[in-house]
Amino acid sequence: VIRAVLLDAHGTLVALEPPAPRLRRLLRERFGVVVGAGEAERAMRAEIAYYRRHLGEAADEAGVQALRGRCAEVLRAQLPQSRALAEVNREAMTGALVDALVFKAFPDAAPALSALREAGLRLVVASNWDASLPAVLASTGLVDLVDGVVTSALSGASKPAPAVFRAALRLAGVAPAEALAVGDRLDEDVAGARAAGVEPILLVRGDAGDAPVRAPCGAPGPGGLRLIRSLAELPRLVAERSPGLP
Ligand SMILES: [Mg+2]
């Protein structure tokens, strides 16, 4: 019987709105700094890559602030150099970066979480993210729909390490066999869930151009892996695994 669902955050519950156009506008409006679309794109990519390498250091609010400051300097260094850009102070640069990073919930997220909760399931987000994830889930309206949030920064290991999933299972108060883990990445979500003894469900969104596998909706994929195209399929899938429950 399934009693809990563990959910990945990025690409599963929330997505980043394209940050480069937003960054360009903020740099122009706040500092009079004009950069090209491609230049903003490249700089954001470098910043995101730096962030991903270092997010484990942001385990609390102070760590988040410190990492954001360093990310803002990476961003500045990657933009075309100008006097106006050089004169922007670190705090203001950090503010522009933070305001350029806006997350939105996928439209299927809130309805699916509500339906799963109504069916009596415990819901825990398990994500490679820094300590600011609860705030991001709050800004996207999802935080009140889940029972807990586990981040790699706080658990000291990143998916596919099973530690993130084990912490989520503890928070949910269930055994590995009583949970499903939903995520959009084979290398992190599927591999990590299996390492923790939890059945993985791979979410392959219809608009994902780089989908790692293609298979009909709901059909088992490689190695018996279950694929879904939308979070809306989750309540039925959980019900199939829990015969006898209402
Ligand atoms: Mg993901």
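Every number for a ligand or one of its atoms is a count from 1 in the order of the listing. Just so it is clear, the values below take in all heavy atoms, side chains as well, and ignore hydrogens, waters and symmetry mates.
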- prompt: Is the backbone N or O of Val88 less than 3.5 Å from a side-chain atom of Arg76, with the two atoms forming a donor-acceptor pair by type?
  reply: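 Answer holds: yes.
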
Salt bridge flag under 4.0 Å for residues Glu233 and Arg229: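 Here Glu233 does not pair with Arg229 in a salt bridge, since their nearest N and O are not under 4.0 Å apart.
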
- prompt: Between Arg22 and Asp99, is the closest basic N to carboxylate O distance under 4.0 Å?
  reply: no

- line: Among N, O or S atoms, Asp8 approaches the Mg ion (ligand 1) most closely through OD2

task: Measure from the Mg ion (ligand 1) to every N/O/S atom of His10 and report the name of the nearest one.
output: O

- prompt: Strictly under 2.8 Å, is any N, O or S atom of Asp189 next to the Mg ion (ligand 1)?
  reply: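 Looking at Asp189, which is the residue asked about, there is no N, O or S atom under 2.8 Å from the Mg ion (ligand 1).
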
message: Under 2.8 Å from the Mg ion (ligand 1) - does any N, O or S atom of Asp184 fall there?
response: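 Checking the Mg ion (ligand 1) against Asp184, an N, O or S atom does fall under 2.8 Å.
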
- prompt: How are the rings of Trp129 and His10 set to each other: parallel, tilted or perpendicular (split at 30° and 60°)?
  reply: perpendicular

